[in-house]
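Report on the following structure.
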Amino acid sequence: MTDNYHKIWQTVLAVPAGKVASYGQVADLAGLPGRARLVGKSLGMAPTSMQLPWYRILRSNGQLAFAKGSESAERQKGLLQTEGVVVMNNRVRLKEFQWQPDLGEILFKLDF
DNA sequence: GGTGTGACAACAA
DNA sequence: TTTGTTGCCACAC
């Protein structure tokens, strides 16, 4: 089912700037509980042409999904900080920046 | 239509 | 905290 990708992308687009979400969280909201890995894959497949805020997606523990020194990790860090998210030592304080989805917000942006 | 593969998660040590 | 192990299952070949 390739439409899962669309659901995932939509969900990612719903994450507000200045906040982050975990892969599992996105999977859940996309109606794909337990498919966290699929989220990662779909982000990887996503055409750069559609500006997807992939950088707002982190691991469940708040770490960036990329290796510490990697290009991507640095780029992600930069983008996040642009939005006011503090990234230290390749990780974010979820306690402060994790997106707490608002029911209305969900229903508005994604209607399944 | 069988196999290998993840930008993961949860748990253990 | 970091590293390793295991479970997971849709997706690309």
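These numbers come from a predicted model, not from an experiment.
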What N/O pairs connect the protein and nucleotides 5-7 of chain B at under 3.5 Å? Give each pair on its own line.
from: dT5(B); atom 1: O2; to: K41(A); atom 2: NZ; distance (Å): 3.0
from: dG6(B); atom 1: N9; to: R37(A); atom 2: NH2; distance (Å): 3.2
from: dG6(B); atom 1: N7; to: R37(A); atom 2: NH2; distance (Å): 2.9
from: dA7(B); atom 1: N3; to: Y23(A); atom 2: OH; distance (Å): 2.9

Say whether, by atom type as modelled, one donor and one acceptor occur between the side chain of [X] and the main chain of [Y] under 3.5 angstrom.
X: Q76(A); Y: E71(A); answer: no
X: T11(A); Y: K7(A); answer: yes
X: K19(A); Y: P101(A); answer: no
X: R75(A); Y: A73(A); answer: no

Can you find a heavy atom in the side chain of [X] that is under 4.5 Å from one in the side chain of [Y]?
X: R91(A); Y: R59(A); result: no
X: Q81(A); Y: K77(A); result: yes
X: E105(A); Y: P16(A); result: yes
X: Y55(A); Y: V20(A); result: no
X: S42(A); Y: N4(A); result: no

Legend entry - Enclosure of M50(A) CE (heavy-atom neighbours >12, cutoff 6.0 Å):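 Check passes, neighbour count above 12.
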Legend entry - Upstream residue (5' side of DNA chain C) when M45(A) and R35(A) are each assigned their closest nucleotide: R35(A)
Inset, instruction - Applying side-chain contact (heavy atoms from CB on, under 4.5 Å) between F97(A) and each of V87(A), L80(A), V85(A), report the one that passes. - result: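 Looking at V87(A), L80(A), V85(A), the match for F97(A) under the side-chain contact (heavy atoms from CB on, under 4.5 Å) is V85(A).
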Distance in angstrom units between [X] [atom1] and [N] [atom2], rounded:
X: L32(A); N: dA9(B); atom1: CG; atom2: C1'; answer: 15 Å
X: N4(A); N: dC8(C); atom1: CG; atom2: P; answer: 19 Å
X: L64(A); N: dA9(B); atom1: CG; atom2: P; answer: 13 Å

Can you pull every protein N or O that's under 3.5 Å from an N or O on nucleotides 3-5 of chain C?
none

Shorter than 3.5 Å, N or O on both sides, protein versus nucleotides 11-13 of chain B: list them out with atom names.
none

Legend entry - Touch class at under 4.0 angstrom, heavy-atom based, for S42(A) against every strand present: nothing
Inset, instruction - For N61(A), report the nucleic acid contact type (base, sugar-phosphate, nothing); a contact means any heavy atom under 4.0 Å. - result: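 N61(A): no heavy atom of the nucleic acid under 4.0 Å.
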Legend entry - Any-strand Watson-Crick or G-U partner of dG4(B), both distances under 3.5 Å: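 Because both required distances fall under 3.5 Å, dG4(B) counts as paired with dC11(C).
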